[in-house]
Each structure stands twice: as C-alpha cells, then as structure tokens.
Trainee: 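Sharing a structure below in structure tokens format, with a few things to ask.
By convention here, the first residue in the shown sequence is residue 1.
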Amino acid sequence: MQAPEQPADLQVCRTGTARAAANLGRMSDVRVRFCPSPTGNPHVGMVRTALFNWAYAKHTGGTFVFRIEDTDSARDSEQSYQQLLDALSWLGMSWDEGPEVGGPHAPYRQSQRMDFYKDVAQRLLDGGFAYHCFCTPEELEEQREQQKAAGRTPGYSGRCRDLSAVQRAERLAEGRQPAVRFRMPGTDFTWDDLVRGPLTFAAEHVPDYVLVRASGEPLYTLTNPCDDADMEITHVLRGEDLLSSTPRQIALYDALAKIGVGNGTTPRFGHLPYVMGEGNKKLSKRDPESSLQWYRDEGFVPEGLLNYLSLLGWSIGDDRDFFSMAEMAEVFDVADVNANPARFDLKKCTAINAAWIRELATDDLASRLERYLIADGALPEKPTHAQQALLRRAVPYVQERMETLRQGVHMLAFLFATDAGIYDEVTVGTPAFERDAADVASVINDDARAALQAARDALAAAGEWTHEALEAALRNALVEGLGLKPKLAFGPIRVAVSGRRVSPPLFESLELLGRERALARLDDLLN
Ligand code: GLU
C-alpha cells in the first residue's frame with residue numbers, strides 16, 4: 001500500500017502547543033543542523049538525529065538548519081533528495097534554513113557549493129594546512145601493509161607531506177593527479193562531548209586525511225566542516241558512528257579559523273548513542289523496520305513515531321513514555337542524552353502509536369484514515385460526502401481497536417465495498433465486497449449455517465435498524481432461541497458481513513452497513 005500524504009500543518013503538538021510555542025518564540029544564537037546525504041531511503045536512525053537537533057533548536061529558540069550533503073554524484077539521487085524533504089514535512093519538522101526555504105547561507109545543497117570548497121581547499125594549500133598527495137591507491141595499500149607488518153597503527157605514512165617544489169613538479173610531469181590531504185598537527189585531541197563527556201584521541205590514531213580526491217571531487221571530510229563553519233553551526237549532534245571523524249574535524253576547524261572561513265569558533269559536539277536492533281546488533285539500513293517508509297506504509301502517525309524515537313537515548317523523566325514533540329522541545333537538553341546504546345523495540349513503538357491514535361479527534365483520525373483508504377483503493381480518489389459521513393460515524397468504533405492506520409483500513413474497507421446488484425451512495429467507485437478466504441473457512445460449517453439462517457430471519461424481521469435493536473433481536477434468536485454461545489452465534493455473522501474475523505463491533509457494523517447490504521451479504525454466504 002502506498003503511503004498517503006499528511007497535511008503540511010501536521011499537529012505534532014496536540015498537548016502543550018500554546019505554552020511551548022510561547023517558549024519557542026525566544027531567540028538564541030544556537031544553530032544546529034541536520035545534514036543527510038541523499039543516498040537511499042530515509043531511515044529511523046536519521047530521523048532520530050533530525051529530531052534531537054530539531055528539539056534542541058526549539059528548546060533553545062535557536063535555528064534548525066537543513067543541509068543536503070550531495071557531493072557523491074555516484075551515490076546521490078534526486079529521488080532520495082525529494083524523499084528527505086518529504087520525510088521532514090511528513091514528520092512535521094520544519095526547518096528554519098535549508099532547501100525550499102532558503103536562508104542567509106544559501107545554497108543549502110552541497111552540490112551547489114562546489115566553488116566554495118574549491119576555494120577553501122586552495123586556501124588551505126596556500127596556508128600550508130594541506131598538501132598535495134601523489135600516492136596512488138596501490139601505494140597507499142602498500143604503506144598500510146608495511147605498517148601492519150611493523151605492528152603500527154595503519155594510516156597515512158606522511159610520504160608526500162614535505163615534498164619540495166621540484167619533487168612535486170616531477171610527479172606532475174609523470175602524469176600523476178594529486179589529492180589534497182590535510183596536515184594533522186600531530187597533537188592529541190580532547191573535547192568535552194555533550195553526550196559522552198571528555199574524550200581524547202591520541203595523535204597517532206588521527207593521521208593526515210584526504211579532503212579532495214585526485215579527481216577534484218571534494219569529500220565529506222572537507223565539505224561538512226566547511227559548511228558547519230560557514231553556516232556558523234554551534235552544536236553538532238550526530239550519530240556515534242561519526243565519532244572518529246571529530247578529532248580530524250576539530251583540527252580542520254582550527255585551520256579554517258586561520259584562513260578566515262566561518263566566525264572562528266568550533267562547535268560543541270554531541271554523539272548520539274547507537275540504536276540496536278534484533279539480536280543486539282546495530283540497527284541496519286537493511287532491516288525493514290529501519291526504513292521510514294515502512295512506518296508510513298503501515299500507518300504509523302508522525303506523532304507516535306517521533307514520540308517513540310525520542311526515547312532512543314533520552315527520557316522526559318517520571319517514567320513517562322507518552323508526550324508530544326512540543327513537550328519534548330520544552331525540556332530537551334543534549335546534556336540529558338544517555339551515552340549507552342538504545343534498543344529499538346518495535347512492540348513499544350507500536351503501542352505508543354496506538355496510544356497516539358486513541359488520542360486523535362474523530363475528524364482528524366477520519367481524515368487520516370481516508371487517505372489510507374484511498375491509497376489502498378478502498379475509497380475512490382475523491383470520496384463522496386456519504387462515504388465521508390459513514391467513515392466519520394465508524395471511526396469511534398475502531399479507534400480503540402487499532403495500533404496502526406493500516407489496521408483501521410482493514411477493519412473499515414468492508415463498509416464501502418460494493419454489493420452485487422445493490423446501488424448505494426457509500427459504494428460509489430469502490431471495489432466489490434470480498435471475504436478473507438481463510439477467515440471464512442475457519443468459522444463457516446453446518447452449525448454456522450443454521451446460525452446464519454436464523455440471524456438472517458431475525459434481521460429481516462427487525463423493526464428499528466439500530467445497533468441496540470439489532471443486538472436484542474440477534475441475542476433473542478441465537479442465544480436464547482438456538483441456545484448458542486455468543487461466540488459461536490456471532491462469529492459467522494461477523495465474517496459474513498465484514499468479510500473478516502476482526503472488525504468493528506458487530507452490532508454497530510450491522511447498523512453502519514444498513515439493512516439491505518447486511519441481508520444481501522448474509523444471503524450471499526448462505527448460498
Ligand atoms: N552527511 C553526513 C551523514 O549523512 C552527516 C554527518 C554529520 O552529521 O556530520 O552521515
């Protein structure tokens with residue numbers, strides 16, 4: 001099933017909206033960024049990073065910058081770029097600066113900032129902070145092998161670090177294209193990580209590294225700190241997998257300050273804990289439940305998904321699991337993020353989603369379900385007023401019974417399905433009614449036939465078509481009359497009229513379906 005669109009003005013914040021909005025009005029100079037690469041589908045780890053940055057910006061009254069790191073032309077795609085924009089919009093996380101909205105540091109797509117990187121690389125070379133490296137991949141591999149054999153940490157050997165002008169000219173004359181390599185200062189690096197506390201990397205573990213490939217392509221190692229400096233980012237909150245790039249980036253920051261890129265200050269870094277999936281392995285992009293699209297297709301609501309993701313490494317305290325993003329933003333501080341790996345628990349995520357679905361107002365839930373019913377083909381592209389009215393009447397009966405919107409679609413589609421030979425306003429443009437074959441097989445037998453026949457007669461004779469009257473008539477005919485246990489009496493009727501063993505409550509379902517269609521479905525199964 002295709003995930004439908006959510007409204008742009010998503011109500012992320014049903015509770016506490018006004019109060020938080022008042023807080024959020026204040027401004028500070030905190031500037032955070034979410035800067036994914038457009039390769040593949042957005043995944044939940046990425047959303048968690050975006051959320052923590054967004055919440056920190058909201059909490060501090062700072063600025064949430066959205067930047068696209070699309071410097072890898074071989075892996076980046078326009079489709080993935082659109083998916084990223086769409087993902088943040090669906091989640092209701094609006095950005096203050098970035099693609100579409102612009103801002104003082106535009107453009108916010110790295111593919112459009114190439115001249116800037118080229119210029120910075122040249123200035124780093126001119127200032128002696130970087131050098132041309134002529135080593136070929138084979139030579140680099142050889143160096144690594146030698147280092148390993150000598151029991152040393154593999155890393156760049158420094159071979160091209162101090163080439164003379166003559167030596168450089170010779171290599172160029174050989175037709176070698178140089179990469180630009182950053183000259184690490186050879187000191188240990190310490191920073192006070194906002195999540196993990198003081199961290200030190202020994203100089204020997206942070207060798208000189210490439211900023212620009214021999215092909216002229218600038219790498220993440222250059223573009224990311226350059227943009228963070230240029231965009232005056234104050235706090236870098238990102239996944240722990242990037243921890244090892246931080247000392248290199250801090251060194252580059254110092255050099256950038258010296259050549260006048262940015263405002264001369266280094267951001268504070270906070271590394272968000274790993275998210276572990278099944279079997280205590282890092283949640284992998286290949287796990288289906290790691291893809292944001294999976295949640296959209298299943299009918300998770302953004303409120304529910306974000307609420308759950310916020311718990312991956314953070315807590316609002318007091319054993320509270322259920323809160324809005326506005327409530328999160330009101331209190332969120334990076335200092336409270338837990339450094340221990342977080343465990344992804346789909347059951348809990350689903351339970352929180354169900355709680356959010358129960359929280360929605362009837363009209364809101366009806367319009368969200370409508371989009372899923374349309375996407376699933378159970379309703380036409382433009383539902384009629386009669387269809388919308390029926391959906392709205394049905395929503396309160398399923399709201400407590402579903403964990404995802406998709407489950408709601410499964411429970412409600414029967415109300416709109418067309419019955420052979422019956423014209424009805426609620427079945428305009430909808431598919432024919434069908435029953436789940438396995439559900440039919442599991443409840444329909446000879447006893448069930450007798451019960452269905454009795455039910456058909458009782459319903460045909462029912463005066464008022466209200467769920468109360470229908471319940472009384474059916475209980476009278478089947479439980480008192482035939483002496484059947486309620487489960488045996490009503491199970492077959494449920495499958496006959498809704499097509500499934502899981503449906504909204506039976507008597508209410510019959511009322512919503514109407515006399516003519518209910519009788520037609522019973523007759524159809526009896527025949
Ligand atoms: N583009 C990088 C990524 O997607 C951003 C890393 C960072 O936040 O520094 O992993």
Trainee: Would you say that Leu474 contacts Leu510 through its side chain, given a criterion of any heavy-atom pair below 4.5 Å between the two side chains?
Mentor: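 Result yes, sub-4.5 Å side-chain heavy-atom pair found.
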Trainee: Does some side-chain heavy atom of Val428 sit less than 4.5 Å from a side-chain heavy atom of Pro380?
Mentor: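 They are not in side-chain contact.
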Trainee: Determine whether Gln293 and Asp297 satisfy the following criterion, side-chain hydrogen bond (donor to acceptor under 3.5 Å, both in side chains), listing intermediate values before the conclusion.
Mentor: CA-CA 6 Å; Gln293 193 59 40; Asp297 291 344; 3.1 Å; yes
Trainee: Within the distance-only criterion (no hydrogens, no angle test), does the side chain of Arg343 pair as donor or acceptor with the backbone N or O of Val275 below 3.5 angstrom?
Mentor: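 A pair under 3.5 Å: no.
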Trainee: Arg501: what forms a salt bridge (charged side-chain N to carboxylate O under 4.0 Å, His left out) with it, not counting sequence neighbours?
Mentor: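 Applying salt bridge (charged side-chain N to carboxylate O under 4.0 Å, His left out) to Arg501 gives none.
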Trainee: Would you tell me whether Ser324 and Glu327 have side-chain atoms, one donor and one acceptor, within less than 3.5 Å of each other?
Mentor: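 The criterion, which ignores hydrogens and geometry beyond distance, is satisfied for Glu327 and Ser324.
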Trainee: How long is the gap from CG on Leu470 to CG on Leu506, to the nearest 0.5 Å?
Mentor: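 It comes to 9.0 Å.
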Trainee: Looking only at atom types and distance, does a side-chain atom of His43 sit under 3.5 Å from a main-chain N or O of Ser291, one as donor and one as acceptor?
Mentor: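 Here the side-chain-to-backbone pair does not exist.
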Trainee: Using the test side chain to side chain donor-acceptor pair (under 3.5 Å), find all partners of Asp29 that sit at least two apart in sequence or belong to another chain.
Mentor: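 So Asp29 forms no side chain to side chain donor-acceptor pair (under 3.5 Å) with any residue.
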Trainee: Just so I know, are the side chains of Phe52 and Val334 near enough to count as touching, which here means a heavy-atom distance under 4.5 Å?
Mentor: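 Of all side-chain heavy-atom pairs linking Val334 with Phe52, none is under 4.5 Å.
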Trainee: Let me confirm one number: the OG1-CD distance from Thr350 to Glu289, rounded to the nearest 0.5 Å.
Mentor: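 Rounded to the nearest 0.5 Å, the OG1-CD separation comes to 9.5 Å.
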Trainee: Is the backbone of Pro504 close enough, under 3.5 Å, to the side chain of Ser509 for a donor and an acceptor to pair up by distance?
Mentor: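 Yes, Ser509 side chain to Pro504 backbone: donor-acceptor pair under 3.5 Å.
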Trainee: Taking the side chain as C-beta and beyond, is there a heavy-atom pair between Phe416 and Pro383 under 4.5 Å?
Mentor: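 No, side chains not in contact.
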Trainee: Under a 4.5 Å cut-off applied to non-hydrogen side-chain atoms, are Tyr81 and Asp76 in contact?
Mentor: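 No; the side chains remain at least 4.5 Å from each other.
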Trainee: Assess whether side-chain contact (heavy atoms from CB on, under 4.5 Å) is satisfied between Glu471 and Thr466, documenting all intermediate values.
Mentor: CA-CA 8 Å; Glu471 176 168 4; Thr466 60; over 6 Å; no
Trainee: Counting only N and O atoms by type, is there a donor-acceptor contact under 3.5 Å from the side chain of Asp333 to the main-chain atoms of Ala335?
Mentor: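 Looks like yes, one N/O pair under 3.5 Å.
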Trainee: Just do the salt bridge (charged side-chain N to carboxylate O under 4.0 Å, His left out) check on Arg67 and Asp228 with the steps written out, would you?
Mentor: CA-CA 10 Å; Arg67 181 172 79 223; Asp228 284 349; 2.9 Å; yes
Trainee: To the nearest 0.5 angstrom, please state how far the OG atom of Ser315 sits from the CG atom of Asp336.
Mentor: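 So the OG of Ser315 and the CG of Asp336 are separated by 8.5 Å.
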Trainee: Please indicate whether Glu425 has more than 12 foreign heavy atoms, meaning atoms of other residues, nucleotides or ligands, lying under 6.0 Å from its CD.
Mentor: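 For Glu425, atom CD is not crowded (no more than 12 foreign heavy atoms under 6.0 Å).
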Trainee: Would you indicate whether the side-chain heavy atoms of Val32 and Thr63 approach each other to under 4.5 Å?
Mentor: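 In short, these two side chains do not touch, never coming nearer than 4.5 Å.
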Trainee: Out of curiosity, Arg109 CZ to Asp70 CG, how far, rounded to the nearest 0.5 Å?
Mentor: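 It comes to 5.0 Å.
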Trainee: Would you mind telling me which of Phe344, Phe300, Tyr295, Trp356 makes a ring pair (Phe, Tyr, Trp, His ring centres under 6.0 Å) with Tyr308?
Mentor: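 Of the listed residues Phe344, Phe300, Tyr295, Trp356, the ring pair (Phe, Tyr, Trp, His ring centres under 6.0 Å) partner of Tyr308 is Phe344.
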Trainee: Can you find a pair of side-chain heavy atoms, one from His271 and one from Thr246, that are under 4.5 Å apart?
Mentor: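 Sidechains of Thr246 and His271: in contact.
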Trainee: Do Thr427 side-chain atoms and Thr418 backbone N/O form a donor-acceptor pair below 3.5 Å?
Mentor: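 Side chain of Thr427 to backbone of Thr418, a donor-acceptor pair under 3.5 Å: no, none is there.
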Trainee: Can you tell me how far the OG atom of Ser290 sits from the NZ atom of Lys282, to the nearest 0.5 Å?
Mentor: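 That separation rounds to 11.5 Å.
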Trainee: Inspect the surroundings of CD in Glu434 and state if more than 12 heavy atoms from other residues, nucleotides or ligands are less than 6.0 Å away.
Mentor: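 For Glu434, atom CD is not crowded (no more than 12 foreign heavy atoms under 6.0 Å).
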Trainee: For a 4.5 angstrom cut-off between non-hydrogen side-chain atoms, does Leu373 reach Arg368?
Mentor: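 No. Closest side-chain heavy atoms not under 4.5 Å.
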Trainee: So, applying ring pair (Phe, Tyr, Trp, His ring centres under 6.0 Å) with Trp95, which one of Phe64, Trp54, Phe66 is it?
Mentor: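 By the ring pair (Phe, Tyr, Trp, His ring centres under 6.0 Å) criterion, Trp95 pairs with just one of Phe64, Trp54, Phe66: Phe66.
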Trainee: Less than 4.0 Å between a side-chain N and a carboxylate O, is that true for Glu240 and Arg196?
Mentor: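 The answer is yes: the pair qualifies as a salt bridge.
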Trainee: At their closest point, which heavy atom of Ile352 faces which heavy atom of Gly304, and how far apart are they?
Mentor: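 In terms of heavy atoms, the two residues are closest at CG2-O, 3.7 Å.
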Trainee: Would you name the heavy atoms of Phe433 and Gly499 that are closest together and state the gap between them?
Mentor: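 Residues Phe433 and Gly499, closest heavy atoms: CZ-N, 3.7 Å.
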Trainee: Just wondering, more than 12 heavy atoms not from Arg286 lying within 6.0 Å of its CZ?
Mentor: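 No, because the 6.0 Å sphere around CZ of Arg286 holds 12 heavy atoms or fewer from other groups.
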Trainee: Would you say Gln399's side chain and Ile357's backbone share a donor-acceptor pair under 3.5 angstrom?
Mentor: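 Yes, the answer is positive, given that a donor and an acceptor are paired below the 3.5 Å cut-off.
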Trainee: Strictly by salt bridge (charged side-chain N to carboxylate O under 4.0 Å, His left out), give each pair with a member in residues 477-499 just once, sequence neighbours left out.
Mentor: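 Not a single pair qualifies under salt bridge (charged side-chain N to carboxylate O under 4.0 Å, His left out).
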Trainee: Is a donor on one side and an acceptor on the other found under 3.5 Å between the side chain of Arg113 and the backbone of Pro107?
Mentor: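 Side chain of Arg113 to backbone of Pro107, a donor-acceptor pair under 3.5 Å: yes, one is there.
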Trainee: Cation-pi between Arg406 and Tyr372: NZ/CZ under 6.0 Å from ring centre and within 45° of the ring axis?
Mentor: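 No - Arg406 does not lie over the ring of Tyr372 by the 6.0 Å and 45° rule.
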Trainee: What verdict does the side-chain contact (heavy atoms from CB on, under 4.5 Å) test give for Thr234 and Val30, after you've listed the backbone C-alpha separation in whole Å, the side-chain angles of each residue and the deciding distance to 0.1 Å?
Mentor: CA-CA 6 Å; Thr234 58; Val30 167; 4.0 Å; yes
Trainee: Just by distance, do the side chain of Asp287 and the backbone of Leu283 share a donor-acceptor pair under 3.5 Å?
Mentor: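 No, Asp287 side chain to Leu283 backbone: no donor-acceptor pair under 3.5 Å.
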Trainee: State, without any angle test, whether Asn340 and Asn338 hold a side-chain donor-acceptor pair at a distance under 3.5 Å.
Mentor: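 Distance-only check passes for Asn340 and Asn338.
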Trainee: Strictly by ring pair (Phe, Tyr, Trp, His ring centres under 6.0 Å), give each pair with a member in residues 482-522 just once, sequence neighbours left out.
Mentor: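 Non-adjacent pairs meeting ring pair (Phe, Tyr, Trp, His ring centres under 6.0 Å): Phe490-Phe507.
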Trainee: Any salt bridge (charged side-chain N to carboxylate O under 4.0 Å, His left out) involving residues 382-403? Give me the pairs, sequence neighbours left out, ordered by first then second residue.
Mentor: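 Sorted result for residues 382-403: Asp363-Arg392, Arg393-Glu511.
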Trainee: More than 12 non-hydrogen atoms from neighbouring residues, nucleotides or ligands closer than 6.0 Å to CD on Glu78, yes or no?
Mentor: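 Yes - once you tally the heavy atoms of other residues, nucleotides and ligands closer than 6.0 Å, there are more than 12.
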Trainee: Is Ser498 reaching over with its side chain to a backbone N or O of Val495, donor-acceptor style, under 3.5 angstrom?
Mentor: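 Checked: no pair found.
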Trainee: From Leu513 CG over to Leu519 CG, what is the distance, rounded to the nearest 0.5 angstrom?
Mentor: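 Answer rounded to 0.5 Å: 9.5 Å.
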Trainee: Would you sort out whether Arg33 and Glu97 count as a salt bridge (charged side-chain N to carboxylate O under 4.0 Å, His left out), showing the intermediate values?
Mentor: CA-CA 9 Å; Arg33 77 328 188 245; Glu97 291 176 27; over 6 Å; no
Trainee: Taking Glu298 first and then Arg296, would you say they form a salt bridge - that is, a charged N and a carboxylate O separated by under 4.0 Å?
Mentor: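 No, this pair does not count.
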Trainee: Shortest non-hydrogen contact from Leu390 to Leu415?
Mentor: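 For Leu390 and Leu415, the tightest heavy-atom pair comes out as CD2-O, 3.8 Å.
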Trainee: Can you check whether Asp439's main-chain N or O pairs, donor with acceptor, with Ser442's side chain at less than 3.5 Å?
Mentor: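 Such a contact is found between Ser442 side chain and Asp439 backbone.
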Trainee: Could you list all the side-chain hydrogen bond (donor to acceptor under 3.5 Å, both in side chains) pairs where at least one residue sits in residues 515-527, not counting sequence neighbours?
Mentor: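 Passing the test, one end in residues 515-527: Asp419-Arg517, Asp419-Arg521, Arg435-Asp524, Arg456-Asp523.
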Trainee: I'd like to know whether CD of Gln453 has more than 12 heavy-atom contacts from other residues, nucleotides or ligands below 6.0 angstrom.
Mentor: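 Atom CD in Gln453 is crowded, with more than 12 foreign heavy atoms closer than 6.0 Å.
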Trainee: Tell me whether Arg500 is salt-bridged to Asp436, with the criterion being a basic N under 4.0 Å from an acidic carboxylate O.
Mentor: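 Salt bridge absent between Arg500 and Asp436.
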Trainee: Take Leu51 and Ser310, measure what side-chain contact (heavy atoms from CB on, under 4.5 Å) needs, and give me the verdict at the end.
Mentor: CA-CA 7 Å; Leu51 173 62; Ser310 74; 3.8 Å; yes
